[in-house]
Participant: 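Have a look at this one.
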Amino acid sequence: MKSKRQSKILEIINKYHVETQEELSAYLEKEGFAATQATVSRDIRELKLTKISGDNGRQRYAVITDADTGMTGKYARVLQEGFLSMDCAENLVVIKTVAGMASAVGAAVDAMKIEELLGSLAGDDTILCVIRTSEDAKNVMKRLQKIIEG
């Protein structure tokens with residue numbers, strides 16, 4: 001439950017400009033996760049979330065990224081836990097995930113800031129990644145596989 005809740009938190013802060021723990025709790029509740037303020041606070045600490053200035057000048061939650069990998073250990077764990085398989089067709093990479101995890105895994109892939117990744121779309125259990133070239137797609141798959149294998 002904790003892993004799913006934290007995955008949902010990452011999804012929420014990537015989708016919405018969340019400014020407070022109360023706002024995050026409300027989003028979680030809408031998604032079916034009941035969490036106390038203490039639990040949300042602990043999740044924020046464990047996920048290494050920080051507040052950054054948004055476009056409107058107001059503060060919002062964001063993930064502190066690891067300069068070496070472009071993602072935190074939590075994103076790597078979400079990728080590892082949700083991943084089932086991947087394949088490519090020319091410059092498209094299709095990632096299969098555990099049911100309900102595509103959005104969180106997609107957020108983890110997006111957090112990697114892969115230069116060759118033009119964009120991604122996530123459904124319930126499938127992510128479509130559009131890569132610049134077919135050669136880049138192979139390299140992206142190798143990079144993802146390396147993270148998945150730990």
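It should be emphasised that the depicted structure is a prediction, and the values quoted were computed from it without experimental measurement.
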Participant: Any chance you could lay out the side-chain contact (heavy atoms from CB on, under 4.5 Å) test for Ile114 and Arg143, step after step, and finish with the verdict?
Facilitator: CA-CA 10 Å; Ile114 299 171; Arg143 185 172 172 187; 3.7 Å; yes

Participant: Just by modelled atom types, is the Arg132 backbone N or O under 3.5 Å from a matching donor or acceptor in the Asp136 side chain?
Facilitator: no

Participant: Do Lys96 and Thr126 have side-chain N/O donor and acceptor atoms under 3.5 Å apart?
Facilitator: yes

Participant: Could you tell me whether the side chains of Glu81 and Ser3 share a donor-acceptor contact shorter than 3.5 Å?
Facilitator: yes

Participant: Looking at Lys8 and Glu31, is there a salt bridge between them, counting it only when a charged N and a carboxylate O are closer than 4.0 Å?
Facilitator: yes

Participant: If you take all heavy atoms of Val78 and Val105, which pair is closest and at what distance?
Facilitator: O-CG2, 3.7 Å

Participant: Tell me yes or no: between the side chains of Gln21 and Gln37, is some donor less than 3.5 Å from an acceptor?
Facilitator: yes

Participant: If we ignore hydrogens and angles and just use 3.5 Å, is the side chain of Glu11 paired with the main-chain N or O of Ser7 as donor and acceptor?
Facilitator: no

Participant: Should Leu128 and Val98 be regarded as members of a common hydrophobic cluster, given that ILVMFWY residues are connected when their side-chain heavy atoms come within less than 4.5 Å of each other, either directly or indirectly?
Facilitator: no

Participant: Looking only at non-hydrogen atoms, find the nearest pair between Thr97 and Asp124 and report the distance.
Facilitator: OG1-O, 4.0 Å

Participant: Looking at every non-hydrogen atom in both residues, tell me the closest pair between Cys129 and Ile95 and how far apart they are.
Facilitator: SG-CD1, 4.0 Å

Participant: Does Lys2 pair with Glu46 as a salt bridge, N-O distance under 4.0 Å?
Facilitator: yes

Participant: If we only count heavy atoms from C-beta on, is the Ile147 to Met112 side-chain gap below 4.5 Å?
Facilitator: yes

Participant: Considering all heavy atoms of both residues, which atom of Glu19 and which atom of Gln59 are nearest to each other, and what is their separation?
Facilitator: CG-O, 3.0 Å

